Amino acid sequence: MLRSHTCGELRLSHVGQRVALCGWVDTYRDHSGVLFVDLRDRYGKTQVVFAPESGPETLQAAKSLRSEFVVRVHGKVAPRPEGTVNAKLGTGEIEVRAERLEILNKSLNPPFQPTGKELPGEDLRLKYRYVDLRRPEMQRTFILRHRMIKLMRDYFDALGFLEVETPMLGRSTPEGARDYLVPSRVQPGTFYALPQSPQLYKQILMVAGYDRYLQVARCFRDEDLRADRQPEFTQLDLEMSFITADDIIGIIDGLVAGLARQILGLEVPVPLPRMTYDEAMERFGHDAPDLRFGMELIDVTDLAAQAEFRVFRGTVAEGGRVRGVNAKGAADRYSRKGIDELTQYIVEGFGAKGLAWFKVEADGRLASPIAKNFSADLLAKIAARMDAAPGDLLLLVADRFEVTCKALYALRKRFGAELRLYDPAVMNFSWVVEFPMFAYDPDQHGWTAMHHPFTAPRPQDRELLRSEPGKCRAQAYDLVINGSEAGGGTIRIHQQELQQEVFGLLGIDAATAQERFGFLLDALQYGAPPHGGIALGIDRMVMLFAGLDSIRDCIAFPKTQRATDLMTGAPGAVDSKQMRELGIICQNPRNRP
RNA sequence: GGGGGCGUAGCUCAAUUGGUUAGAGUACCGGACUGUCGAUCCGGUGGUUGCGGGUUCGAUUCCCGUCGCCCUCGCCA
């Protein structure tokens with residue numbers, strides 16, 4: 001070892017010891033006769049003093065030090081002189097009097113200071129990721145990430161789970177997200193696909209009798225990126241046999257409570273609250289509601305039907321809904337122009353036809369350009385239904401149910417942030433359960449799986465599969481943290497006949513099913529136990545637990561929104577030789593042989 | 001694929017209605033300084049205003065195109 005201690009370790013109790021420290025030059029303060037260097041590693045900072053007693057050679061060498069040089073210092077731990085203690089540093093009561101200095105490596109002047117007060121643009125941070133990752137905030141995040149994953153592994157290990165690795169090179173299944181493809185050299189013209197999740201493998205492991213499976217699994221989906229979405233991400237993937245949905249939920253409750261206690265010091269009461277999908281859509285307009293604040297959606301369809309207002313009546317007559325939110329005390333926060341902006345936001349972003357609004361005046365009456373279309377009695381009823389108080393801003397959307405959900409969910413989310421309706425330090429955990437089995441796809445005139453095609457319906461909904469698939473509910477459950485989907489799982493179909501039936505509903509004929517999922521259908525006929533599981537998005541959970549706004553800040557080497565790596569330049573062109581070996585001809589001129 | 005924001009010194013930003021030599025802080029370089037810790041003081045280097053085109057007597061500013069980064073809709077079984 002080149003060092004005897006780390007830069008965050010030394011205390012008054014070490015005074016008098018000869019030590020060797022290694023680290024990066026954080027800052028240096030040259031007073032000509034005496035020179036201070038703050039030496040940094042991921043454990044902390046220690047002040048090293050170069051003085052005449054260090055010897056002329058060492059002092060001279062110290063003057064050549066610059067930002068981010070990597071050095072090794074031998075010296076003696078000394079208490080700091082009175083009045084020079086630095087309370088901001090863990091090591092602030094001592095300093096190391098340098099006796100020898102070795103420059104292990106020089107550094108170019110870094111493009112930005114890892115401990116500077118100004119955070120540079122994200123593209124620069126990504127290009128020089130090794131400098132960015134030196135920042136204490138980043139190091140704290142990755143220590144947190146490590147601890148969370150360790151706690152997860154320990155928790156499931158104690159419950160008897162086995163960690164089993166599944167292949168990265170699998171076969172493409174056109175359902176779901178777009179696959180990342182890997183050409184096969186040995187089988188020219190064929191492709192592997194990187195896993196979107198280990199879904200089928202873990203079900204096979206259940207058939208194989210590994211009744212408690214776990215994996216920290218890398219997953220790949222070739223879809224557009226977002227602040228909380230990366231093309232490759234990590235799931236805590238697990239599966240169990242001989243269990244019910246309640247068992248899975250209960251085990252994850254225990255995990256979440258443990259993480260909250262040990263990572264955040266929060267006591268989270270379990271069982272976590274559960275809400276059905278239908279309730280979530282009614283009350284919040286979304287299947288991952290943010291329960292850190294109220295402002296629930298309020299239905300006024302019955303009242304709207306009585307108004308003279310043609311937009312409302314027409315919508316109701318066509319089977320639509322009129323719903324809204326009450327932005328408490330926000331009447332003054334949003335001018336006419338501000339409301340126009342909100343209107344544009346939901347019209348252009350979510351296909352709403354418009355936004356009706358009322359400001360609640362001091363006498364409790366509703367003021368609005370459209371108020372003349374409502375009787376006083378009706379306005380009073382709307383005010384009462386929406387719990388209106390002077391100074392409130394009532395916003396209403398009249399449209400198809402789905403559109404009111406999207407638009408009002410977006411408005412509620414905006415108000416939550418803009419009006420600071422929640423404490424950023426608060427963490428809220430809940431479950432959304434009983435998702436529909438299927439969603440209707442008007443483009444393809446057929447049903448698509450809401451979760452995935454291996455999801456089991458609720459036993460009591462078995463008959464609905466034939467009669468009314470749209471009303472059939474799944475044994476599915478999503479973990480929601482602060483309005484973010486943190487994970488989801490289902491009880492799987494373990495009987496071949498039922499699986500065939502569901503494939504049939506999804507428009508996957510027997511031959512196609514056999515071609516793509518034959519191995520699973522086969523396996524289901526060789527003693528498949530009842531089973532189910534869940535996958536938690538580790539990156540997202542770390543992001544939420546660390547209070548970060550971007551998933552990129554908790555992934556060591558993330559991709560940009562255009563799915564490139566600014567440090568390595570990936571993806572890049574390849575040799576024509578490589579292409580020939582793979583039997584691939586590229587249409588893009590960047591890669592013509 | 002659509003909508004929006006941003007792009008000026010190594011970095012973070014400013015620059016009046018389109019008008020003089022594009023500024024500041026910081027970093028960097030040189031000098032001074034024996035107790036600093038975001039050291040201080042003095043001096044200095046540093047610019048294809050992302051790129052290309054257009055309008056104009058004159059463009060960082062206006063217009064068009066393009067590239068990059070970010071947010072978002074679609075997409076994400």
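Letters A, B, ... mirror the listed sequences (proteins, then strands); counts begin at 1. These numbers were taken from a predicted model, which means no experiment stands behind them.
- In this structure, CG of D123(A) is placed 16 Å from P of C6(B), rounded to the nearest angstrom.
- In this structure, the CG atom of L124(A) is 20 Å from the P atom of U26(B), given to the nearest Å.
- Of the side-chain N and O atoms in K406(A), one or more sit less than 4.0 angstrom from OP1 or OP2 of G74(B).
- Base engagement by D30(A) is indicated by at least one non-hydrogen atom pair under 4.0 Å involving a base atom.
- Classification of K471(A) and D461(A) as a salt-bridged pair fails, no side-chain N sitting under 4.0 Å from a carboxylate O.
- Here the nucleotide nearest the side chain of F36(A), chosen from C70(B), C76(B), G35(B), is G35(B).
- P52(A) comes within 4.0 angstrom of a base, heavy atoms only.
- Within the nucleic acid shown, E95(A) comes within 4.0 Å of at least one base atom, counting heavy atoms only.
- Across the strands present, U40(B) finds its partner in A32(B); the criterion is a Watson-Crick or G-U wobble pair with both atom distances under 3.5 angstrom.
- Counting any heavy atom pair closer than 4.0 Å across all strands shown, S67(A) reaches sugar-phosphate atoms only and no base atom.
- The gap from the C1' atom of U49(B) to that of A22(B) amounts to 8 Å, rounded to the nearest Å.
- When the nucleotides U36(B), C75(B), U12(B) are ranked by their closest atom to the side chain of E223(A), C75(B) comes out on top.
- When the P atom of G7(B) is taken as reference, atom CZ of R562(A) falls 20 Å away, rounded to whole Å.
- Between the side chain of R80(A) and the base of C37(B) there is at least one donor-acceptor pair of N/O atoms closer than 3.5 Å.
- For the salt bridge (charged side-chain N to carboxylate O under 4.0 Å, His left out) criterion with D26(A), the lone passing option out of R135(A), R134(A), R40(A), R66(A) is R40(A).
- Nucleotides U56(B) and C13(B) place their P atoms 35 Å apart, quoted to the nearest Å.
- Taking 3.5 Å as the limit, the base of C75(B) and the side chain of R229(A) contain a donor-acceptor pair of atoms between them.
- Between Y180(A) and Y192(A), the gap from one ring centroid to the other reaches at least 6.0 Å.
- Listed nucleotides: G74(B), G35(B), C70(B). Nearest to the side chain of V49(A): G35(B).
- Separating the NZ atom of K127(A) from the P atom of G7(B) is a distance of 20 Å, rounded to the nearest angstrom.
- Only the P atoms considered, U40(B) is 39 Å distant from G5(B), to the nearest whole Å.
- Note on G92(A): nothing from the nucleic acid sits closer than 4.0 angstrom, heavy atoms only.
- Rounded to an integer number of Å, the gap from Y28(A) OH to C33(B) P is 18 Å.
- Side-chain N/O atoms of E118(A) and base N/O atoms of U26(B) include no donor-acceptor pair closer than 3.5 Å.
- Annotation: of the two residues near RNA chain B, P81(A) and Q561(A), the 5′-most nearest-nucleotide partner is P81(A).
- In this structure, T58(A) contributes its side chain and G55(A) its backbone to no donor-acceptor pair below 3.5 Å.
- E122(A) comes within 4.0 angstrom of the backbone, heavy atoms only, and of no base.
- Closest-nucleotide positions on RNA chain B for R97(A) and G349(A) were compared, and the one nearer the 5' end corresponds to R97(A).
- The pairing partner recorded for U56(B) is none, the criterion being a Watson-Crick or G-U wobble arrangement whose two distances lie under 3.5 angstrom.
- Checked for salt-bridge contact, K353(A) and D399(A) meet the test: a charged N lies under 4.0 Å from a carboxylate O.
- Between S32(A) and the phosphate of A32(B), there is no side-chain N or O to OP1/OP2 separation shorter than 4.0 Å.
- Not one side-chain nitrogen or oxygen of R29(A) sits closer than 4.0 Å to the OP1 or OP2 atom of U36(B).
- Nucleotide C75(B) forms a pair with no other nucleotide shown, judged by Watson-Crick or G-U wobble geometry with both contacts under 3.5 Å.
- Side-chain N/O atoms of Q475(A) and T455(A) include no donor and acceptor closer than 3.5 Å.
- Contacts of T46(A) with the nucleic acid, taken as non-hydrogen atoms under 4.0 Å apart, are absent.
- Ring to ring, F36(A) and F50(A) are not that close: their centroids are 6.0 angstrom or more apart.
- Counting distance only, with no hydrogens placed and no angle test, the side-chain atoms of R226(A) and the base atoms of G74(B) include a donor-acceptor pair under 3.5 Å.
- Across all strands shown, P453(A) has heavy atoms under 4.0 Å from base atoms, whether or not it also approaches the sugar-phosphate.
- Counting non-hydrogen atoms under 4.0 angstrom, N86(A) reaches a base of the nucleic acid.
- Rounded to whole angstrom, the span from the CG atom of D179(A) across to the C1' atom of C76(B) amounts to 12 Å.
- Contact annotation for T27(A): backbone-only contact, meaning every heavy-atom pair under 4.0 Å involves sugar-phosphate atoms and none involves a base.
- Within the 4.0 angstrom heavy-atom criterion, base atoms lie near T84(A).
- Stacking of R414(A) on the aromatic ring of Y345(A) is recorded, both the 6.0 Å distance cut-off and the 45° axial limit being met.
- Between F233(A) and F220(A), the distance separating the two ring centers is not shorter than 6.0 angstrom.
- Nucleotide C76(B) holds its C1' atom 16 Å from the CZ atom of F220(A), rounded to whole Å.
- L119(A) comes within 4.0 angstrom of the backbone, heavy atoms only, and of no base.
- Base pairing of G23(B) is made with C13(B), judged by Watson-Crick or G-U wobble geometry with both donor-acceptor distances under 3.5 Å.
- Looking at heavy-atom distances under 4.0 Å, L566(A) makes contact with sugar-phosphate atoms alone, never a base.
- Ring-base stacking between F112(A) and C11(B) is not satisfied when judged by a centre separation under 5.5 Å and a plane angle under 30°.
- When the P atom is used for both U61(B) and U20(B), the distance is 14 Å, rounded to whole Å.
- Centroid-to-centroid, the aromatic rings of W447(A) and Y440(A) come within less than 6.0 Å.
- Here, A59(B) and G53(B) have their C1' atoms 13 Å apart, quoted to the whole Å.
- R125(A) comes within contact range of no nucleotide atom at all, as no heavy-atom separation falls under 4.0 Å.
- Across all strands shown, G50(B) is found opposite U66(B) as a Watson-Crick or G-U wobble partner, with both distances under 3.5 Å.
- Taking the C1' atoms as reference points, A9(B) lies 6 Å from G46(B), given to the whole Å.
- Side-chain atoms of D224(A) stay outside donor-acceptor range of the base of C75(B), with no qualifying N/O pair under 3.5 Å.
- Between H31(A) and G35(B), no base-stacking contact is recorded for ring centres under 5.5 Å apart and planes less than 30° from parallel.
- In this structure, the CD atom of E341(A) is 11 Å from the P atom of G5(B), given to the nearest Å.
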